[in-house]
Amino acid sequence: MSYKNQWPTNRLLSTAARLVEHAWNENLASLGITHAGVMALDVLRSEGSMTQAQLAHQVRVQAQTMGKTLHRLEVHGHITRSRNALDRRSHMVSISPAGERVLVDARGWRRGCWVATVTRTSSSAASSST
């Protein structure tokens, strides 16, 4: 096997993560949500209402990136935003009943998608190595 066919571990992990997230997003699109949206809703469900900046910190993304995710979630009715009583310059973000329902549905998709992705990736890797 030549060196050109050997990938460093970090490249393998990065590629695997992209493939899994892409597969999740394809399946989650029918629910009107993305993997990033699922992560945000999951944090809101477990931690309760918080500001956009706090949520971005919890999910480990930039506040601007979280703003785009929250906009999509709000359009689909998965979250609500209300003025922060302690700081009128910011809003508190909360998961809505529709967000709770889509989170349950998304978890089912993720489980099925994970199995399908691992199976597909494993069979692709086996066929390309022969």
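Two residues are said to be in side-chain contact when any heavy atoms from C-beta on lie closer than 4.5 Å; Thr34 and Leu28 fail this criterion.
Side chain of Thr15 to backbone of Arg11: a donor-acceptor contact under 3.5 angstrom is found.
If you chain together hydrophobic residues whose side chains sit under 4.5 Å apart, Leu103 and Leu70 fall into the same group. Trp24 and Val102 fall within a single hydrophobic cluster, where Ile, Leu, Val, Met, Phe, Trp and Tyr are joined by side-chain heavy atoms under 4.5 Å apart, directly or via other members. Leu55 is connected to Leu41 through a chain of hydrophobic side-chain contacts under 4.5 Å among Ile, Leu, Val, Met, Phe, Trp and Tyr, so both are in one cluster.
To the nearest 0.5 angstrom, Thr69 atom OG1 is 12.5 Å from Glu74 atom CD. Met92 CE to Leu44 CG: the interatomic distance, rounded to the nearest 0.5 Å, is 9.5 Å. In this structure, the separation between CZ on Arg72 and CD1 on Ile79 is 11.0 Å, given to the nearest 0.5 Å.
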Going by atom type alone, with no hydrogens or angles, which donor-acceptor pairs under 3.5 Å involve a side-chain atom of residues 45-53 and a protein atom two or more places apart or on another chain?
from: Ser46; atom 1: OG; to: Asp42; atom 2: O; distance (Å): 3.1
from: Ser46; atom 1: OG; to: Val43; atom 2: O; distance (Å): 3.3
from: Ser49; atom 1: OG; to: Ser94; atom 2: OG; distance (Å): 2.4
from: Thr51; atom 1: OG1; to: Gln54; atom 2: N; distance (Å): 3.1
from: Thr51; atom 1: OG1; to: Gln54; atom 2: OE1; distance (Å): 3.2
from: Gln52; atom 1: NE2; to: Ala63; atom 2: O; distance (Å): 2.8

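Contact detail for Thr80 and Ser96: the closest heavy-atom pair is CG2-CB, 4.3 Å. Minimum heavy-atom separation, Ala56 to Met66: CB-CB, 3.8 Å. When all heavy atoms of Asn27 and Ser30 are compared, the pair lying nearest together is O-OG, 3.1 Å.
Crowding of His91 atom NE2: a count of heavy atoms from other residues, nucleotides or ligands under 6.0 Å exceeding 12. Sparse packing is recorded around CD of Gln62, with 12 or fewer heavy atoms of other residues, nucleotides or ligands lying under 6.0 Å away.
For Arg18, the salt bridge (charged side-chain N to carboxylate O under 4.0 Å, His left out) test picks out no residue, with sequence neighbours left out.
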